[in-house]
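Heads up, the thing below is written out as structure tokens.
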Amino acid sequence: MKVAIIGLDSVPPELLFGGLLDSLPNIRKMTSKGIYGKLRTCDPPITVPAWMVMFTGKNPGKLGIYGFRHRKAGSYTDGYIVNSTHVKEPTVWDVLGENRHRSVVIGMPPGYPPVRMKDGAMVSCFLTPSQERPFTYPPELKDEILGLCGGKYDFDVVFRTEDRAALKKNLFEMTERRFDVAEHLARTQRWDFFALHEIGFDRLHHAFWKFFDPTHPKYVKGNEYEDVLGAYYSMADGRIGRLLEIFGEDCISFVLSDHGSKGMQGAFCVNEWLANEGYLVYARQPNAVTEVEKAEVDWSKTKAWGWGGYYARIFFNVKGREPNGLIDPSDLEAEKNKLRERIDSLTDNKGRRMRNQVLEPTTHYGQARGDRPDLMVYFDDLNWRSAGTVGHGSLYLSENDTGPDDSVHSMDGVFAMLNPRKDLMGRQLVGARIEDIAPTLMKLYGLKMPGDIDGKVLPEVVEGGLR
Ligand SMILES: [Zn+2]
């Protein structure tokens, strides 16, 4: 049994199975001869943790991972970036390694530092600080990859830039190299399980969405980057076709994404709003745009503050937990409910009621380990991102506050599967969730994910994968 995953970060069903499908012959083959559908992502719909939810079968609360950055417990200003050492739950490749199945894993986040594999090879992910650092397991694989790539292997691109021409070139180059590496390892390594992650799609969406989507507020017809998105998808489809061929007749192949993407309507200034409502109190009013961590906040009078991102994290200032805690721990639940009501009644810049969603981690996940926020907020179904900076003098921004970015995340990613030995007639998969992938893959090998997992086996996928 061989299984291969091609992970396309942030690819939405509306593009892959909708508008672009006619120009993607290899994806079309999967949707006509395989099984395909939407793959519902986790809360929050963020790259880190979503891929680990996919490959552990456990929700972000159990993983204790709520985004790229986490707040350092108790601190008003300090955070840290999640890395591979924060993943404590067994992954699909861990379990396969215990059962004498060999894995090759390329770029799956968080995959830096590279993880020692029980049986297999790993190339680290887009969080890798530079190619000067160790980025493979086993370590000597690094030289082989650099040799293959002419000495330069890019983990990511700088995507929040106005230099779209340079970005376009870098994006195509990075992705082509990643597929070069994938083809090389698929051919030269022995493997039972193969998983590739490509971050380029996510960067493409964030940087080029407004140029191709006529419904985006900033779309201009006939602009010079109108075709970049389609050209990139088409290039990737060609590379997927080459990989599927290398995987061969004995391999069940999947194309999966961790969440979808859609056009950004704007950014909602969560801390400006909390200040207006009296939750965040300044020692001195900011007279220029600045990060809340650098603003002069009177922490002894502040009840709550927030973080920016595709979703907002809100932290309360709790006695005994934060250094200048104000809220008695016994009042925390009531305070959360009060704030939730206010968030529910927020309106957008046109006075329209936002469709906001407020999640309380412990309630939502059953258990919420690690450095969790007190509340997680999606503004208007994620159409508005959260801006954490202060000093705007407004609640609403038309641009992202941390650099050019025209798309946000959406809740549905993609699922497509192909079994070369079976015509599955392009059946639609309904109701699949990202946490179902790990137990379903395990079932194909006749194994089970250990522990208290949240996903369930998808029977039609197992049925389609068997001989
Ligand atoms: Zn992602």
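One is the number of the first residue; the rest follow in order along the sequence. Predicted model, so just to flag it, every value in this text is computed and none were measured.
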Checklist entry - Does atom NZ of K118 have more than 12 heavy-atom neighbours, drawn from other residues, nucleotides or ligands, at distances under 6.0 Å? => result no
Item to check | Within residues 253-264 or reaching into it, pairs that qualify as salt bridge (Lys or Arg N to Asp or Glu O under 4.0 Å) - sequence neighbours excluded | outcome: none
Item to check | Residues K152 and D154 bridged, charged N to O under 4.0 Å | outcome: yes
Checklist entry - Charged N to carboxylate O under 4.0 angstrom, R242 versus E183? => result yes
Next on the checklist: Could you walk me through whether Y80 and D371 satisfy the side-chain contact (heavy atoms from CB on, under 4.5 Å) test, starting with their C-alpha distance in whole Å, then the side-chain angles of each, then the deciding distance to 0.1 Å, before giving a yes or no?
Outcome noted: CA-CA 10 Å; Y80 61 91; D371 295 318; 2.6 Å; yes
Next on the checklist: For Y225 together with F208, are the ring centres under 6.0 Å from each other?
Outcome noted: yes
Item to check | Near-ring test F316/W305, centroid separation under 6.0 angstrom | outcome: no
Next on the checklist: Heavy-atom count check: over 12 atoms from other residues, nucleotides or ligands less than 6.0 Å from Q367 CD?
Outcome noted: yes
Checklist entry - Which residues pass the ring pair (Phe, Tyr, Trp, His ring centres under 6.0 Å) test with H206, sequence neighbours left out? => result F159, Y310, H409
Checklist entry - Taking the six-membered ring for Trp, are the ring centroids of W191 and F247 within less than 6.0 Å of each other? => result yes
Checklist outcome for this item: Value for CD (Q265) from CG (D381), rounded to nearest 0.5 Å, stands at 11.5 Å
Item to check | Heavy atoms from other residues, nucleotides or ligands near NZ of K142 exceed 12 (cutoff 6.0 Å) | outcome: yes
Next on the checklist: List the residues meeting ring pair (Phe, Tyr, Trp, His ring centres under 6.0 Å) with F212, not counting sequence neighbours, and say none if there are none.
Outcome noted: W209
Checklist entry - What do the steps show when you test R100 against D192 for salt bridge (Lys or Arg N to Asp or Glu O under 4.0 Å), and what is the final call? => result CA-CA 9 Å; R100 276 179 262 127; D192 307 296; over 6 Å; no
Next on the checklist: What verdict does the side-chain contact (heavy atoms from CB on, under 4.5 Å) test give for V158 and N170, after you've listed the backbone C-alpha separation in whole Å, the side-chain angles of each residue and the deciding distance to 0.1 Å?
Outcome noted: CA-CA 9 Å; V158 176; N170 295 340; over 6 Å; no
Next on the checklist: Using 30° and 60° as the class boundaries, would you call the ring planes of F135 and Y153 parallel, tilted or perpendicular?
Outcome noted: parallel
Checklist entry - In terms of the angle between their ring planes, are Y445 and H101 parallel, tilted or perpendicular, with boundaries placed at 30° and 60°? => result tilted
Checklist entry - Would the Y219 and F211 ring centres measure less than 6.0 Å apart? => result no
Next on the checklist: Any side-chain to backbone donor/acceptor pair from N383 onto D380? Under 3.5 Å, distance only.
Outcome noted: yes
Checklist entry - Salt bridge check: are D9 and R203 linked by an N-O gap of less than 4.0 Å? => result no
Item to check | Plane angle bin for F55 and W93 - parallel if under 30°, tilted between 30 and 60°, otherwise perpendicular | outcome: tilted
Checklist entry - Is there a ring-ring contact (aromatic ring centres under 6.0 Å, His included) between Y232 and F201 once you walk through the steps? => result CA-CA 8 Å; Y232 181 94; F201 287 87; 4.9 Å; yes
Next on the checklist: Going by side-chain hydrogen bond (donor to acceptor under 3.5 Å, both in side chains), name the residues that satisfy it together with Y233, two or more places apart in sequence or in a different chain.
Outcome noted: H205
Checklist entry - Tell me the salt bridge (Lys or Arg N to Asp or Glu O under 4.0 Å) pairs involving residues 450-461, sequence neighbours left out? => result K62-D452, K62-D454, D436-K456
Next on the checklist: side chain to side chain donor-acceptor pair (under 3.5 Å), that's the test. Do T175 and E198 meet it? Break it down for me.
Outcome noted: CA-CA 7 Å; T175 299; E198 177 47 48; 3.0 Å; yes
Item to check | Residue pairs, two or more places apart or on separate chains, that pass salt bridge (Lys or Arg N to Asp or Glu O under 4.0 Å) and touch residues 405-420 | outcome: R40-D412, R160-D405, R164-D406, R385-D405
Item to check | Salt bridge present between E173 and K168 (N-O < 4.0 angstrom) | outcome: no
Item to check | Main-chain N/O of G222 paired to E226 side chain as donor or acceptor, under 3.5 Å | outcome: yes
Next on the checklist: Let's go through W384 and Y378 carefully: what are the C-alpha distance in whole Å and the side-chain angles of both, what is the deciding distance for ring-ring contact (aromatic ring centres under 6.0 Å, His included) to 0.1 Å, and is it a yes or a no?
Outcome noted: CA-CA 8 Å; W384 287 76; Y378 302 164; over 10 Å; no
Checklist entry - Charged N to carboxylate O below 4.0 Å: is that the case for D423 and K33? => result no
Checklist entry - Are more than 12 heavy atoms from other residues, nucleotides or ligands located less than 6.0 Å from atom NZ of K2? => result yes
Next on the checklist: Quick one, H184 with E144, criterion side chain to side chain donor-acceptor pair (under 3.5 Å). Give me CA distance, side-chain angles, the key distance, then yes/no.
Outcome noted: CA-CA 10 Å; H184 172 77; E144 187 178 322; 2.7 Å; yes
